[in-house]
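First the proteins, then the strands, lettered A, B, ... as listed; each starts at 1.
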Amino acid sequence: MSALDTASAPVGRSDPGIGRPLARFSGFWKWLGVLPFFLFCALFLLAPIVTLTDGAFRAADGGYTLDNILALSSPNIVASYSLSIRLSLVSAALGTVTGLLLAYAIILGGLPAWVRPVFLTFSGVASNFAGVPLAFAFIATLGRLGLVTIVLREVFGFNLYATGFNLFSFWGLALTYLYFQMPLMLLVITPAMDGIRREWREAAESLGATRRQYWTMVALPLITPSVLGCFLLLFANAFGTLATVYALTGSNYSVVPIVLFQQIRGNVLYNPNLGYALALGMVAIMVVSNVLYMILRMRAERWHK
Amino acid sequence: MKKPFPWLSTLIVVLAALYFLVPLYATFQFSLQMKRGEWSLAAYESVFSSDVFLSTLAYSAVASLAAIVVGAALVAPTAYWVRLRLPKLRPVVEFVSLLPLIIPPVVLVFGHIRMFGSSSILPLTTTDGGTNFLLVSGYVVLSLPYMYRAVDNGMASIDIVTLTEAAESLGASRARTIMEVILPNVRSSIISGAFLTFSISLGEFVLASLLNRPAFGPYLVQIGQDRAYEPAALAVMTFALTWACMGLMQYFATRKPGQRVFPRLTLALSRNEAR
């Protein structure tokens with residue numbers, strides 16, 4: 001019986017395929033089942049990326065060129081990338097350190113058992129609470145009329161904005177990002193923290209290690225690959241953030257996603273193909289940080305088998 | 001040996017809780033201050049009395065629901081088929097489904113606009129319907145990693161190969177196997193993926209703004225620029241909605257297959273049927 005016959009045979013009680021159902025749909029026909037998925041992804045996920053990549057290497061007249069890639073080294077674009085990378089590094093570092101401390105406290109810190117699920121559930125929500133509403137929340141908190149700003153001034157006599165702090169600046173953004181970065185860190189580092197076994201500590205202690213020695217020589221080296229991996233994940237997470245920045249600062253704060261957003265709206269770079277190169281640069285940074293994240297995660301998982 | 005009180009962990013947890021809760025409280029309090037000298041719900045009334053609020057929210061809700069339907073229809077059969085017949089293809093499908101995490105939304109929509117723009121072979125952006133379709137496709141792509149993981153985890157927790165063999169050896173057709181055996185078993189995973197999709201796309205700003213859609217995200221940004229107290233009220237409502245979505249998602253994600261959503265309700269129904 002040919003593959004065609006089996007596939008087109010009426011499927012029902014009289015079906016000859018009964019008893020060996022997995023033998024039907026062989027050869028070419030079984031690929032038909034995944035066709036819609038791959039067709040959709042090809043059209044709406046892969047093709048746009050290919051289009052952008054191709055456009056990044058083309059001049060306005062359609063010929064191939066490296067000019068767009070070279071134009072990425074112009075001062076204002078380098079400044080954008082530098083700002084984006086610095087902001088993402090700082091917010092990822094803040095998120096990694098605070099998230100790690102929080103994970104330590106709720107998992108190994110000897111607190112009541114109910115603390116852990118409360119924080120993990122809240123983190124599940126908070127790590128998804130990004131974008132425009134998050135910006136509104138921080139304006140109501142740390143803006144010029146925000147609650148914390150006012151309480152600090154009226155109650156403690158401390159004028160936050162006199163110190164040079166501004167919510168709509170680098171550190172303000174970093175502090176706002178922390179609201180989704182710290183929960184994300186907590187969620188992704190928890191498995192690694194759970195993987196730290198009591199036996200390791202007992203073994204270290206029975207060999208005469210102090211608490212400090214145990215942490216610096218045993219526990220931290222073991223979770224370092226996980227921590228670095230999570231740091232990269234947080235970096236990528238911050239790097240792609242657009243809506244939060246836009247709602248806070250409008251289009252004044254020229255991180256790369258904002259520049260690209262403006263470029264799509266109105267060709268502010270005066271070269272459509274430079275937009276492609278800008279997008280390609282973003283994808284390249286995301287690819288590098290995500291690939292490193294995967295490598296580090298695989299390395300980290302060796303200890304958890 | 002009595003353990004000493006964990007001062008350090010307590011301090012960390014209290015500081016973290018403050019950082020998380022103070023902005024929520026501040027937003028809530030700010031949203032009540034629209035009328036000078038008293039606390040009122042005026043900001044909420046102002047939001048709800050706006051036609052634009054209702055129309056953009058309705059638009060985004062419909063777009064999100066469409067993305068859920070398309071996403072589920074695309075992912076569930078694929079995850080099933082790959083586990084059943086093409087296990088070697090699983091890493092490929094998994095990889096493709098994770099790709100949207102690497103592509104920033106602004107890059108994705110840029111690609112869409114260039115590919116389906118007015119001078120392309122398939123000019124979707126020239127018509128309203130086409131642009132709506134493009135927006136929904138974008139949301140399907142953005143939620144693909146979450147939808148696929150949810151559904152694939154659901155498939156992993158039941159032995160779909162054995163279930164399929166059992167159903168078919170009892171004479172069920174392929175369609176009947178999928179509709180009456182597989183689907184009920186992974187329904188809760190699909191619903192959990194659906195809530196995540198909903199919470200991602202309801203207030204989404206970048207795609208909606210660049211495709212010029214009258215959606216909730218661009219409306220939020222506009223209100224943020226024009227008003228003082230309404231944004232706080234909207235943030236409170238959005239946060240509550242995110243909580244609801246995530247709560248429902250976790251509920252469905254941890255639910256066992258076959259467990260009923262409303263146990264008493266279905267019990268009453270089945271009694272009626274028996275009568």
Side-chain angles (χ1 to χ4, degrees), chain A residues 11-13 18-19 21-22 25 30 33-34 36-37 40-41 44-45 47-49 51-52 55 98 101-102 105-106 109-111 115 121-122 124-126 128-129 131-133 135-141 146-148 179 240 242-243 246-247 257 260-261 264-265 275 279 282-283 286-287 290, chain B residues 3 6 8-10 12-13 16 20 22-24 26-27 29-30 74 77-78 81-82 85-86 89 93 96 99-108 110-115 137 141 164-165 168-169 171 173-174 199 203 205-206 210 217 220-221 224 231-232 234-235 238-239 242-243 246 250:
Chain A
V11 185
R13 282 175 200 284
I18 287 174
L22 301 187
F25 290 96
K30 71 180 179 188
V34 291
F37 177 82
F40 179 88
C41 289
F44 292 103
L45 179 57
I49 305 306
T51 310
L52 293 182
T98 54
L101 285 173
L102 186 57
I106 67 169
L111 293 171
V115 176
T121 310
F122 183 86
V125 179
N128 278 292
F129 184 60
V132 188
F136 293 168
F138 269 78
I139 292 173
T141 310
L147 182 73
V148 171
Y179 204 87
L242 198 165
Y246 192 81
L260 185 56
F261 185 81
I264 300 169
R265 278 222 162 143
M282 282 186 77
V283 173
M286 296 295 272
V287 167
N290 275 285
Chain B
K3 281 197 172 176
L8 182 64
S9 335
T10 310
I12 294 171
V13 163
F20 285 133
V22 166
L24 296 184
T27 313
Q29 194 191 313
F30 201 77
L74 213 52
T78 306
W81 197 241
V82 166
R85 294 307 315 273
L86 298 160
L89 206 61
V93 176
V96 171
L99 268 184
L101 293 179
I102 302 181
I103 315 296
V106 65
V107 173
L108 183 76
F110 187 29
H112 282 179
I113 290 171
R114 292 294 156 178
M115 259 198 77
S137 307
V141 172
T164 306
E165 281 180 352
E168 300 206 346
S169 67
S173 67
R174 175 76 58 181
S199 77
F205 168 69
V206 179
L210 288 173
L220 284 176
V221 168
L234 283 163
T238 316
F239 192 74
T242 314
W243 257 111
M246 291 299 130
Q250 289 209 333

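Under the 4.5 Å side-chain criterion, counting only non-hydrogen atoms from C-beta, P36(A) is not in contact with T78(B). At a threshold of 4.5 Å between non-hydrogen side-chain atoms, the residues F30(B) and T141(A) do not count as touching. Counting heavy atoms from C-beta on, the side chains of L147(A) and T27(B) never come closer than 4.5 Å.
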Could you walk me through whether L220(B) and F136(A) pass the side chain to side chain contact (heavy atoms under 4.5 Å, CB included) check?
-> CA-CA 9 Å; L220(B) 284 176; F136(A) 293 168; 4.2 Å; yes
Before giving the answer on side chain to side chain contact (heavy atoms under 4.5 Å, CB included), spell out for V107(B) and M286(A) the whole-Å C-alpha distance, their side-chain angles and the decisive distance to 0.1 Å.
-> CA-CA 11 Å; V107(B) 173; M286(A) 296 295 272; over 6 Å; no
Check the pair V82(B) / F37(A) against side chain to side chain contact (heavy atoms under 4.5 Å, CB included), numbers first and verdict last.
-> CA-CA 11 Å; V82(B) 166; F37(A) 177 82; over 6 Å; no
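For F122(A), the parts lying near chain B are the backbone and the side chain together; criterion is any non-hydrogen pair under 4.5 Å. Within the 4.5 angstrom heavy-atom criterion, only backbone atoms of L101(B) (N, CA, C, O) approach chain A. Both the backbone and the side chain of L102(A) come within less than 4.5 Å of a heavy atom of chain B. Using a 4.5 Å cut-off between heavy atoms, I49(A) contacts chain B through its side chain alone, with no backbone atom that close. The parts of L74(B) that come within reach of chain A are both its backbone and its side chain, each placing non-hydrogen atoms under 4.5 angstrom from that chain.
Interface summary for chain A: among I102(B), I103(B), I12(B), the most heavy-atom pairs under 4.5 angstrom belong to I102(B). No other option in P77(B), P104(B), A16(B), P23(B) has as many heavy-atom pairs under 4.5 Å with chain A as P23(B). Across L111(A), T51(A), I139(A), the residue that shares the most heavy-atom pairs under 4.5 angstrom with chain B is L111(A). Ranked by heavy-atom pairs under 4.5 Å with chain B, the list G55(A), A135(A), G275(A) is led by G275(A). Counting heavy-atom pairs under 4.5 Å between each of S199(B), S137(B), G224(B) and chain A puts S137(B) at the top. Comparing V115(A), V148(A), L260(A) by how many heavy-atom pairs each has under 4.5 Å with chain B, the most go to L260(A). Heavy-atom pairs under 4.5 Å with chain B peak, among V287(A), I106(A), L242(A), T98(A), at L242(A). Comparing A26(B), A232(B), G203(B), P105(B) by how many heavy-atom pairs each has under 4.5 Å with chain A, the most go to A26(B). Ranked by heavy-atom pairs under 4.5 Å with chain B, the list F40(A), F44(A), F261(A) is led by F44(A).
Between G217(B) and V132(A), the shortest heavy-atom distance links the atoms O-CG2, 4.5 Å. A235(B) approaches A137(A) most closely through the heavy-atom pair CB-N, 4.5 Å. Of all heavy-atom pairs spanning G109(A) and P6(B), the tightest one is O-CB, 3.1 Å. Between P257(A) and V106(B) the shortest heavy-atom distance is O-CG2, 4.2 Å.
Ring pair Y179(A)/F20(B) is perpendicular by interplanar angle, where above 60° counts as perpendicular and below 30° as parallel.
Between the H112(B) side chain and the P48(A) main chain, no donor and acceptor come within less than 3.5 Å of each other.
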